[in-house]
Structures are given as C-alpha cells and as structure tokens.
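Since the structure comes first, as structure tokens, the remarks are kept for the end.
Remember, it's 1-based here, ligands and their atoms both numbered in the order they're listed.
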Amino acid sequence: MTDKKIILTGDRPTGKLHIGHWVGSLQNRVNLQNSGEYENFIMIADKQALTDNARDPEKIRRSLTEVALDYLAVGLDPAKSTIFVQSQIPALSELTEYYLNLVSLGRLQRNPTVKTEIQQKNFGESIPAGFLIYPVSQAADITAFKASVVPVGDDQEPMLEQAREIVRSFNNIYGEVLVEPEGYFPPKGMGRIPGLDGVKMSKSLNNAIYLSDDSDTLAKKVKSMFTDPEHINIDDPGHVEGNMVFTYLDIFDDDKEKVAELKAQYQHGGLGDMKIKRYLIDVLEGKLAPVRERRNEYAQNMDFVMNMLKEGSEKANAVATQTVQEVRHAMGVDYFGKF
Ligand code: ATP
Ligand code: MG
C-alpha cells in the first residue's frame, strides 16, 4: 500500500448515471483522481442496490455495465483508479456483520436520508431489513479500504456520520485498527441537484437527465421541465426561484453574466419559457455531447469494460481481505491465524 490518502466512493447500479451525479460527485472524483495525490477506490454498489431491488436482479446486472460506461465517459480512468464490484468482495459482508453489533436499531431508524427514502419507496410496513442497515454496510465499504476521504453528495452526510461512530466504537473496544473517514462534499448548491420535478434527481425516481441521453431525449426532457405556473403569457413577470430552468442554468452555464441578464429579463417579463428552455438545451448539449461521444466509443468495447471491473475487483479484494484479517485479529477471532 502507498502512504497516499485513500479515497472510497461509489454508486448503486440501479440505472444509468445522471447529471446530478456528475456535478454532485463524479466531477470531484475525477479531479481528485487526476491530482495524483490519492489512492482511489471506486465501487459499484450492487449489493446495496439489491437491498431495495431484490426482486429485480436483472436491473442491477444491466446497470452494472451502464454505470461502468458512465464512469469512463466522465473521465474516471482504470489506470489511476481501482474500479470494482461490491458483491465480489466477501470481506465487506463479514465487516458489516461485526459492525451491526455496534449499532442500535433505534439509531438506524433515525437516519434522515434512509427515512426519506423509505417514504419515497412506499415500503409501508415491509421495509427490507437489508435496506434499513445499508448505512452499516457503507461503513464496511469505507473502512475496508482505510479510506479517509469520501467524495459524495449531500444526502450521504448521515452515512458518513454513522461510519465515523462505528469506527470510534470499534477502535474503542478492540484497539486502533480502523480509519475515521471524512466526507468530501461538492461546492454549495451542487450536492443535491433537483430532478425535472423539483425533488432530488434520482435514478429510481424517473426524474433524471442521464449522461447517456441523446440530443432528442435531452431536448424533450428540458421542454417538459417545471417553470413558473404564474408565467402564462410571455409578457407576464416570472419567478426564477424554484424554477428548474434557472436552477439548471445556475449550475451548468459558465456564463454567469448571461444568466443574470436572462433572470432579470424573465422577472421583468418579456422572456418566454420556450426561448429560455432552448437556451438551456444548448448549454446542456455543449457539456454533454463530448461525454456522450466518449461513452459510445467505450460501448463498442465491452470486453475492455468487463476486464476493468474484474481486475479492479481482484485488487480491491486483496486490500479488503487484509483489513478483515486485522479486524479478526483485533477482535480475537483469528483462531487459526490467516485463514
Ligand atoms: P438511487 O435512486 O438508486 O438511490 P441515486 O440517483 O440516489 O440512485 P446513488 O447511486 O444513490 O444515486 O448515489 C451515488 C452518488 O451520487 C452519491 O454520492 C450521492 O450523494 C450522489 N448523488 C445522487 N443523487 C444526487 C443529486 N441529485 N445531486 C447531487 N449528488 C447526487
Ligand atoms: Mg441514492
């Protein structure tokens, strides 16, 4: 192992990645990767995806390669980052089991992100037990690689807090083995990008613009976007707050002066929704076209993609196995030495 700081982060293969992932997490990762200052582990969290998709394994399997293509398209590079698949690393399950004993059911039920997700997913009384405990399995993912830096969106803050509590508790009881992680969050306003409907953009909520959307799909989605219901005629004064078109321009248009000008015009009246949407389509197309092209190129070479995941998983497995051996030793359950 190097003495570089270690990064662990990842995504659930529940669909293709969207522009919220891009600004909320992927761009940070690519910058950190290219700085050369870190050892990078990037995990496709298929086991976590199964916690709320157990009856649809085909979706997870299909999405695994979609997410891998999205990674390559935005500039994650297997020569600089270890890209791997969660389920192929058995040590992660073992760590999860040990950590579960350090966490109370009440603490898990209070996690605000999990609470929101439970409501959105309409589980009712039938919350899968694996879903409720997924923050513990995330703590296993992070600590297995001794990661100290975790680049994620704002919704993951409670997971980081949970992981830190587990680390402190473990080290207290069994000795200093685990490393306490820090979240690395995107710039203000980019950590929880709203979807076309105004709630958090999510793969699972059908409200996303995907990195892989073609030009027509992109244009159609922007045209369907929620603006200001009181802006009926072009000459009516309009609201820019809560208006998704302006929210996206704030995030994606580098020409801030132009955005300020358009906002003033919209608020004053005289700027039509269709015109401003066409402008947004151009801005997004400018950013997404190169990503889409790179993605299409990699999609021609799926052997390369699968091999990247296989080699990454082998490397990650060696690191996590080493940690679990240290953990067993600290807990005194290494009766037969390394096993
Ligand atoms: P799902 O609906 O299956 O949970 P998701 O869209 O929430 O999918 P995840 O795989 O759960 O995506 O999240 C991957 C990473 O992307 C996390 O770091 C998360 O914080 C970040 N992220 C997810 N959605 C957004 C968003 N809308 N804005 C900014 N960051 C996001
Ligand atoms: Mg999510």
Side-chain angles (χ1 to χ4, degrees), residues 7-32 40-57 59-64 66-68 70-71 74 76 83 85-86 111-123 128 130-132 134-135 137-139 141-142 147 149-163 181-213 221 244 247-248 250-252:
I7 288 178
L8 180 283
T9 181
D11 305 272
R12 294 153 37 94
T14 47
K16 299 173 179 186
L17 297 185
H18 52 65
I19 58 175
H21 295 117
W22 200 26
V23 291
S25 172
L26 295 169
Q27 280 179 342
N28 265 348
R29 289 185 219 175
V30 173
N31 292 337
L32 291 167
N40 300 280
F41 290 95
I42 299 177
M43 181 182 79
I44 306 187
D46 59 339
K47 225 151 48 87
Q48 193 192 116
L50 283 164
T51 62
D52 54 331
N53 292 281
R55 284 166 184 76
D56 195 1
K59 175 166 97 182
I60 310 304
R61 197 183 161 84
R62 200 174 53 236
S63 303
L64 181 80
E66 299 288 0
V67 170
D70 289 323
Y71 283 173
V74 297
L76 291 175
I83 301 175
V85 185
Q86 185 185 32
N111 183 311
T113 298
V114 174
K115 263 191 186 166
T116 310
E117 289 175 339
I118 284 173
Q119 274 167 4
Q120 283 171 343
K121 291 172 199 296
N122 294 321
F123 286 139
F131 187 81
L132 192 63
Y134 88 73
S137 108
Q138 260 180 252
D141 305 332
I142 295 167
V149 183
V150 185
V152 281
D154 292 351
D155 61 321
Q156 295 300 307
E157 195 152 18
M159 315 314 180
L160 262 299
E161 191 46 43
Q162 178 74 82
E182 292 289 338
Y184 184 93
F185 297 97
K188 206 171 166 296
M190 305 224 184
R192 201 176 300 222
I193 308 300
L196 299 167
D197 54 359
V199 305
K200 184 185 104 64
M201 186 178 286
S202 284
K203 300 182 220 91
S204 312
L205 296 180
N206 212 1
N207 63 356
I209 294 176
Y210 295 98
L211 294 173
S212 48
D213 280 346
K221 286 184 178 173
M244 285 306 116
T247 306
Y248 284 18
D250 277 337
I251 297 167
F252 292 99

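- Looking at Gln48 and Gln138, their side chains do bring a donor and an acceptor atom within 3.5 Å of each other.
- Contacts between Thr14 and ligand 1, counted as non-hydrogen atom pairs separated by less than 4.0 Å, involve the side chain only.
- Relative to atom 19 (C) of ligand 1, the option among Asp52, Asp155, Asp11 with the closest non-hydrogen atom is Asp155.
- The protein heavy atom nearest to atom 18 (O) of ligand 1 is Gly153 N, 3.2 Å.
- Heavy-atom distances between Gly10 and ligand 1 reach below 4.0 Å in at least one pair.
- For Arg192, every heavy-atom contact with ligand 1 shorter than 4.0 Å involves the backbone, none the side chain.
- Distances from atom 12 (O) of ligand 1 to the heavy atoms of Gln156, Met201, Lys16, His21 put His21 nearest.
- Residue Ile193 holds the heavy atom nearest to atom 26 (C) of ligand 1 of all those in Thr9, Ile193, Ile251, Val67.
- Evaluation of the ring pair (Phe, Tyr, Trp, His ring centres under 6.0 Å) rule for Tyr134 yields Phe131 as partners, not counting sequence neighbours.
- Under 3.5 Å, the side chains of Gln162 and Asn111 contain no donor-acceptor pair of N or O atoms.
- Nearest protein heavy-atom neighbour of atom 31 (C) of ligand 1: Gly20 O, 4.0 Å.
- Against a heavy-atom cut-off of under 4.0 Å, Val152 is close to the following atoms of ligand 1: 18 (O).
- Remark: minimum distance from atom 23 (C) of ligand 1 to any protein heavy atom is reached at Lys200 NZ, 3.3 Å.
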